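A quick note: this is a predicted structure, and the numbers were derived from the prediction, not measured. Both ligands and their constituent atoms are indexed starting at 1 by order of listing.
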Amino acid sequence: MKTFVMREIGTVGMMDKPEPRPGPNDAIVRTTAALICTSDSHTVAGGIGPRTDLTLGHEAVGVVSEVGSAVEVMRPGDRVLIGAITPDWGDPAAQGGHASQSGGPLGGWKFSNTKDGVFGEYFHVNDADANMAKIPDDVPDEMAVYCADMLSTGFMGAEHGNIPIGGTVAVLAQGPVGLMATAGAKLRGAGLVIGVDSVPNRQELARSYGADEIVDFTTEDVVDRVMELTGGEGVDTAIEALGADVTFQTAVKITKPGGTISVIGYFGEGEFVHIPRVEWGVGMADKTIATGLCPGGRLRMDRLLRVLETKRLDPTPMTTHTFPFDQMERAFEVADQKLDDVIKVLITF
Ligand SMILES: [Zn+2]
């Protein structure tokens, strides 16, 4: 079968591989649609260390082609969403409510990390009954695929942010995950959502997903402007959706005492992330810093799909580019180099 791989740090390309086989609890899925993620670029750049001929990709939907002997819920022919994060549900971390950390820190992140990812004609899913969800008939593939990571991670930012109904929220960066955090903040009942970004098409989408105010960090000071918009108080919740030291520091500064800094960015560079001491209340301002990795699991995916089925949200306007799988190299270049105002690149199979 055809796959798209990271050959080594900094190099990608197409590669033929044998079709995967299922163990007793596993499934094999025939890929129908996938999305390229910024994490794929981080991986190719060496963010998780060296890899050889690793199939990339972790956001996909497909049709079950084969299941192992112990799989009971999922059947061949089912149209399914597969979580980007596929935890081992028997692991104590999962039993403790932290399934994404099963098997060690970030251990639920297997696709394109510790095993081949989803950019292939077929891929393997561990713990199939727990890590896939059947897609409702009226939710198309190109919409459902956003639940694998973008909705799950973005909404997690709002969930971990402990947003009071009517509370104030700033979402720092309006990439696809930030946009879904903005949508999540609105769904969680925020009274004021401030979106921070400089790119016009991202600003426009942020407004459509619920941002009441837009702050452009290239033309105004984000801390000053957020303070002004919140009557000098700061926000209840700041969601860091970029993964940069400076943005994290801004998030701490603009969060009011007692508020929450919810981190959903991928911090791919540098040895340390710095906490601004004074605005942190010299360690005593009751500011909570929450972190997490995209939650997985069938229960959560069923909920995310319901949000789409009942039309609370349409993520498809984030799809700025679509390529067939045989043009994967060009597709990756567009996403990786952020060409042509790209937000999200959809791959069809
Ligand atoms: Zn992703």
- Task: Say whether H58 and D149, considering side chains only, have a donor N or O and an acceptor N or O under 3.5 Å apart.
- Result: yes

- Test side chain to side chain contact (heavy atoms under 4.5 Å, CB included) applied to V145 - qualifying residues, sequence neighbours left out: L35, V61, L346

- Any side-chain donor near an acceptor of the partner, T260 and N162, under 3.5 Å: no

- Does one side chain, of Q249 or D245, offer a donor that lies under 3.5 Å from an acceptor on the other? yes

- Message: Side chains of T319 and Y146: any donor to acceptor distance under 3.5 Å?
- Response: yes

- Task: Could you verify whether a donor N or O on one side chain and an acceptor N or O on the other, from T168 and D236, lie under 3.5 Å apart?
- Result: yes

- Distance filter < 2.8 Å from the Zn ion (ligand 1), protein N/O/S hits 4

